[in-house]
A.B. asks: 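One structure coming up, written as structure tokens, with questions to follow.
All chains are named by letter (A, B, ...) in the order of the sequence lines, taking the proteins before the strands, and each is independently numbered beginning at 1.
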Number of protein chains: 2
Amino acid sequence: MDLQVQFGKRVRELRLAKGLSQEALALKAEVDRTYMTSVENGKRNVAIQNIGKIIAALDISIQDFFNSEIFTIK
Amino acid sequence: MDLQVQFGKRVRELRLAKGLSQEALALKAEVDRTYMTSVENGKRNVAIQNIGKIIAALDISIQDFFNSEIFTIK
DNA sequence: TAAGTCAACGGACTATGAGTCACATCTGGA
DNA sequence: TCCAGATGTGACTCATAGTCCGTTGACTTA
């Protein structure tokens, strides 16, 4: 599985856990709603600045964000 | 401190720990030699695919890469 | 001196990510 | 069945990610 796909899955997982809509999260992260959609669906090769914005909007540390079995090598 | 700067510091730290030159790491990660220089110096807004390539070239898991005090929020 | 390795930088170029839009589709509730 | 909020998609512009050529300076070893 592609890292950008794993990233999207992790974002979606954490967003849903917080009960937020894509639009609400996008607003908080200061990105476009449709951009957030394509990120979650693994369609975008997101750059690190936006990765930082999105993780911050999820109220989680970088460490905790990536410390998930989603990112385990297979 | 910017996430792309933190990323560069972490890459350099791990590269030096392995005794590799920038060129050797760049070759292994299949990115350009001059690109690796600017990444380490925090000049590049690296996209997640290249983040994955570089971390893989460092022979470390995603989890371990980001589980560093370098990425602690200040 | 010379010759080698390495890090950093720059110019010019191509590929692609960022950011946005109109529109379509899905979903649950009234 | 209808509606409204939520999600998905294709296409587009423009900035920049990323490559490829070369040079320079610091350091080391012969």
A.B. asks: Look at the side chain of B:Q22 and decide which nucleotide, out of C:dA8, D:dT7, D:dG18, has an atom nearest to it.
C.D. replies: C:dA8

A.B. asks: Show, in sequence, the C-alpha distance, side-chain angles and deciding distance for B:Q4 and A:Q49, and conclude whether the side chain to side chain contact (heavy atoms under 4.5 Å, CB included) test is met.
C.D. replies: CA-CA 7 Å; B:Q4 75 187 44; A:Q49 295 284 4; 2.6 Å; yes

A.B. asks: Determine the interplanar angle of the B:F66 and A:F66 rings, folded into 0 to 90°, and report it as parallel if under 30°, tilted if 30 to 60°, perpendicular if over 60°.
C.D. replies: parallel

A.B. asks: Answer yes or no: does a side-chain N or O of A:K43 lie under 4.0 Å from OP1 or OP2 of C:dG17?
C.D. replies: no

A.B. asks: How about B:F7 and B:D2: do any of their side-chain heavy atoms sit closer than 4.5 Å?
C.D. replies: no

A.B. asks: Please tell me which of the listed nucleotides, D:dA6, C:dC9, C:dA7, lies nearest to the side chain of A:E23?
C.D. replies: D:dA6

A.B. asks: Using a 4.0 Å heavy-atom cut-off across all strands, classify B:T34 as base, sugar-phosphate, or nothing.
C.D. replies: base

A.B. asks: Step by step, would you call B:F65 with B:I51 a side chain to side chain contact (heavy atoms under 4.5 Å, CB included)?
C.D. replies: CA-CA 10 Å; B:F65 181 89; B:I51 290 174; 5.7 Å; no

A.B. asks: Which of these nucleotides, D:dG8, D:dT19, C:dC21, is closest to any side-chain atom of A:T37?
C.D. replies: D:dG8

A.B. asks: Report the distance from atom CG of B:L27 to atom C1' of D:dG18, rounded to the nearest whole Å.
C.D. replies: 16 Å

A.B. asks: Once you apply a heavy-atom cut-off of 4.0 Å, does B:V31 come out as touching a base, just sugar-phosphate, or nothing?
C.D. replies: sugar-phosphate

A.B. asks: To the nearest Å, give me how far apart CG (A:D32) and P (D:dG10) are.
C.D. replies: 16 Å

A.B. asks: Write down the distance between CZ (B:R44) and P (C:dG17), rounded to a whole number of angstrom.
C.D. replies: 14 Å

A.B. asks: Look at the side-chain N and O atoms of A:R12 and state whether any lies under 4.0 Å from the OP1 or OP2 oxygen of D:dG8.
C.D. replies: yes

A.B. asks: Surrounding CD of B:E30 (heavy atoms of other residues, nucleotides or ligands, distance under 6.0 Å), is the total greater than 12?
C.D. replies: no

A.B. asks: With a 3.5 Å cut-off and heavy atoms only, can you find an N or O donor on one side and an acceptor on the other between the side chain of A:R33 and the base of D:dG5?
C.D. replies: no

A.B. asks: Under a 4.5 Å cut-off applied to non-hydrogen side-chain atoms, are B:N67 and A:N67 in contact?
C.D. replies: no

A.B. asks: Let me know, please, whether B:R15 or B:A47 comes out on the 5' side of the other along DNA chain C by nearest nucleotide.
C.D. replies: B:R15

A.B. asks: If the test is side chain to side chain donor-acceptor pair (under 3.5 Å), which one of A:R12, A:K9, A:R10 qualifies with A:E40?
C.D. replies: A:R12

A.B. asks: Under 4.0 Å between a side-chain N or O of A:N50 and OP1 or OP2 of C:dG19?
C.D. replies: yes

A.B. asks: Just how far, in rounded Å, is P of D:dT7 from CG of A:L25?
C.D. replies: 10 Å

A.B. asks: Could you tell me how far apart A:I48 (CD1) and C:dG17 (P) are, to the nearest whole angstrom?
C.D. replies: 15 Å

A.B. asks: In whole angstroms, how far is the C1' atom of C:dA15 from the CD atom of B:Q49?
C.D. replies: 14 Å

A.B. asks: What is the distance from CD of A:E30 to P of C:dT20, rounded to the nearest Å?
C.D. replies: 11 Å

A.B. asks: For the pair made of CE in B:M36 and C1' in D:dC20, what is the distance, rounded to whole Å?
C.D. replies: 16 Å

A.B. asks: Closer than 4.0 Å, any side-chain N/O of A:N41 to the OP1 or OP2 of D:dG8?
C.D. replies: yes

A.B. asks: Could you work out which one of C:dC23, C:dT20, D:dG22 sits closest to the side chain of A:Y35?
C.D. replies: C:dT20

A.B. asks: Need the bend value for the helix from C:dT1-D:dA30 to C:dA30-D:dT1: angle between end axes, 5 pairs each end, nearest 10°.
C.D. replies: 40°

A.B. asks: Starting from A:M36, can I reach A:I60 by hopping between I/L/V/M/F/W/Y residues whose side chains sit under 4.5 Å apart?
C.D. replies: yes

